[in-house]
Amino acid sequence: GRLYGLGTGNMKAATVAMMFAVKALAAKRDQWSGRLTLTLVSDECVFGPDGAAHLLQARPDFKGDMLICGEGPGRMNLAIAEKGLMWVRLTASGPVAQGMLTTRSSVATTRLALALTEIDKWNDWSVPCPIAELDHAENLQGMCPSVNVGNIGGGGMISQAASHAQAEIDIRIPPGLSMETVSAEFDRLCAGDNLSWELIKGWDANWSGSDTPPALAIIAAARKFGRHNIKPVTRLPASDASRWRALGVFAVCYGPQPELASGANDYVNRRDFLDCANIYTHAALHLLAPQTAE
């Protein structure tokens, strides 16, 4: 009942399901009007300039009226929101000397470690959700920050106190929390302690309502295939859907991604994959029906 393969859950299964949907829709071309565009890009995980950002700049006509993204939030729920992003570089400094001749609190690597211990506690923040339909048990992880240290380093010799130490931190910001608030916390943490921070890139959380056309179309199509318990949630990682929302386009994320993706035994459930191909097809037929198309 599972389909295994590297990258299957994120997001090759959704890509193939959308290809199947487009093929099915091409065969039903007399049943819908308007234009349907399938975009498949790279560079999403680092939110660089060479994927969706380049596509929308080079082909603004691909903006469209609404977007269904295959980056599912897990458990076959519907992501109407997604966390914002802050990538931060934190730097600590201290005196250069043999390590045994310095005090613990003056060593750059120790300063950095203490700061990261404090930052890790931000995962426990309770953030009031400003979107009523997201305030439920299925979305608990979507209502708190996600803080993760990616790169960390400092020093060059085991007995020497490092003059500088640095860490790069990934923070995902839920609706109800802002970059401004997180920035203020970094300012507080770095005040007078030989610590400094800089923003690499970032943006606030973004969302489209559960009553928008793509959300309603996905929910209606999912019910046709027995998916009656679909819930609106916040996608924990960010996605390229945020680029369309920034342009004022309604966007949702729905796909066969399981709870954990990109692991050693990445998989999707076979039924989820097949249902998604059908759900994408039926949702598009509803959205592109001649009587509602503009």
Side-chain angles (χ1 to χ4, degrees), residues 5-29 31-74 76 78-85 201 203 206-208 212-218 221-222 235-257 261-262 266 268 272-289 292-294:
L6 185 63
T8 301
N10 185 9
M11 64 165 296
K12 292 176 175 62
T15 297
V16 177
M18 285 187 164
M19 289 177 171
F20 286 170
V22 169
K23 183 177 180 180
L25 289 161
K28 302 175 184 289
R29 191 63 182 89
Q31 298 181 29
W32 57 276
S33 62
R35 187 177 72 174
L36 174 74
T37 304
L38 173 65
T39 65
L40 306 172
V41 299
S42 60
D43 213 27
E44 181 266 343
C45 285
V46 297
F47 308 104
D50 300 319
H54 171 75
L55 181 74
L56 288 168
Q57 182 178 19
R59 291 294 303 270
D61 55 314
F62 282 2
K63 171 187 170 184
D65 298 313
M66 60 197 73
L67 173 78
I68 296 173
C69 175
E71 295 264 26
M76 291 292 281
L78 177 67
I80 63 170
E82 59 188 60
K83 290 184 176 182
L85 171 82
K201 64 175 63 175
W203 53 85
N206 54 90
W207 56 85
S208 300
T212 57
L216 294 173
I218 287 288
R235 191 169 192 274
L236 306 183
S239 80
D240 276 332
S242 63
R243 298 189 184 275
W244 271 262
R245 291 194 190 102
L247 297 174
V249 175
F250 294 133
V252 297
C253 293
Y254 187 77
Q257 182 172 324
S262 306
D266 203 1
V268 295
D272 293 350
F273 166 70
L274 295 174
D275 281 356
C276 277
N278 285 312
I279 291 166
Y280 295 146
T281 303
H282 282 258
L285 284 172
H286 173 77
L287 291 168
L288 296 166
T292 60
E294 296 292 331

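The chain is numbered in sequence order, starting from 1.
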Enquirer: Tyr280 side chain to Val22 main-chain N or O, any donor-acceptor pair under 3.5 Å?
Expert: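 Such a contact is absent between Tyr280 side chain and Val22 backbone.
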Enquirer: Mark yes or no for whether Trp244, through its side chain, and Lys63, through its backbone, hold a donor-acceptor pair below 3.5 Å.
Expert: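 Such a contact is found between Trp244 side chain and Lys63 backbone.
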Enquirer: Heavy-atom count check: over 12 atoms from other residues, nucleotides or ligands less than 6.0 Å from Leu38 CG?
Expert: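 Yes.
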Enquirer: List the steps and the verdict of side chain to side chain contact (heavy atoms under 4.5 Å, CB included) for Glu82 and Arg245.
Expert: CA-CA 11 Å; Glu82 59 188 60; Arg245 291 194 190 102; 3.1 Å; yes
Enquirer: If I compare all heavy atoms of Leu25 with all of Ala284, which pair ends up nearest, and what's the gap?
Expert: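 So the minimum-distance heavy-atom pair works out to CD1-CB, 3.6 Å.
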Enquirer: What are the two closest non-hydrogen atoms of Cys69 and Ser239, and how far apart are they?
Expert: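 For Cys69 and Ser239, the tightest heavy-atom pair comes out as SG-OG, 4.2 Å.
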Enquirer: Taking Ser208 for its side chain and Ala251 for its backbone only, find out whether a donor-acceptor pair lies under 3.5 Å.
Expert: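 Yes, Ser208 side chain to Ala251 backbone: donor-acceptor pair under 3.5 Å.
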Enquirer: Please report the C-alpha distance between Asp266 and Lys12 in whole Å, then the side-chain angles of each, then the deciding distance to 0.1 Å, and finally whether the salt bridge (charged side-chain N to carboxylate O under 4.0 Å, His left out) criterion is met.
Expert: CA-CA 11 Å; Asp266 203 1; Lys12 292 176 175 62; over 6 Å; no
Enquirer: Looking only at non-hydrogen atoms, find the nearest pair between Ala241 and Leu67 and report the distance.
Expert: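 Closest approach of Ala241 to Leu67, heavy atoms only: CA-CD2, 3.8 Å.
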Enquirer: How long is the span from the CD1 atom in Ile80 to the CG atom in Asn206, to the nearest 0.5 Å?
Expert: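 Rounded to the nearest 0.5 Å, the CD1-CG separation comes out at 11.5 Å.
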Enquirer: Is it true that atom NZ of Lys201 has more than 12 heavy atoms of other residues, nucleotides or ligands lying nearer than 6.0 Å?
Expert: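 Check passes, neighbour count above 12.
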Enquirer: Could you walk me through whether Leu40 and Met19 pass the side chain to side chain contact (heavy atoms under 4.5 Å, CB included) test, one step at a time?
Expert: CA-CA 10 Å; Leu40 306 172; Met19 289 177 171; 3.5 Å; yes
Enquirer: How far does CD1 of Ile68 sit from CD1 of Ile218, to the nearest 0.5 angstrom?
Expert: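 Answer for the CD1-CD1 pair, Ile68 versus Ile218, is 4.0 Å.
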Enquirer: If you compare all heavy atoms of Ala52 against all heavy atoms of Arg243, which two are closest, and at what distance to 0.1 Å?
Expert: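 That would be CB-CD, 3.6 Å.
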Enquirer: If I take atom OG1 from residue Thr39 and atom CZ from residue Phe62, how far apart are they, to the nearest 0.5 angstrom?
Expert: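 Output value for this atom pair is 8.0 Å.
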Enquirer: Rounded to the nearest 0.5 Å, what separation is found between the CG atom of Asp50 and the CG atom of Leu55?
Expert: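 So the gap between those two atoms works out to 12.0 Å.
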Enquirer: Could you report the tightest heavy-atom contact between Ala21 and Ala277, atom names first, then the distance?
Expert: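 Minimum heavy-atom separation between Ala21 and Ala277: CB-O, 3.7 Å.
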Enquirer: Checking Lys28 now: which residues fulfil side chain to side chain contact (heavy atoms under 4.5 Å, CB included) with it, not counting sequence neighbours?
Expert: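 If we apply the side chain to side chain contact (heavy atoms under 4.5 Å, CB included) test to Lys28, skipping adjacent residues, the hits are Gln31, Leu285.
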Enquirer: CZ of Phe273: more than 12 outside heavy atoms within 6.0 angstrom?
Expert: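 Enclosed: over 12 neighbouring heavy atoms sit under 6.0 Å from CZ of Phe273.
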Enquirer: For Ala217 and His286, which heavy atoms make the closest approach, and how far apart are they?
Expert: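 Closest heavy-atom pair between Ala217 and His286: CB-CD2, 3.8 Å.
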Enquirer: Between atom CE of Met11 and atom CE of Met18, what is the distance when rounded to the nearest 0.5 Å?
Expert: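 Going from the CE atom of Met11 to the CE atom of Met18 covers 6.0 Å.
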Enquirer: Rounded to the nearest 0.5 Å, what's the gap from OG1 on Thr281 to NZ on Lys23? Could you check?
Expert: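 NZ of Lys23 is found 12.0 Å from OG1 of Thr281.
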Enquirer: Donor-acceptor pair, distance only, cut-off 3.5 Å: does the side chain of Arg235 make one with the backbone of Glu71?
Expert: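 Checked: pair present.
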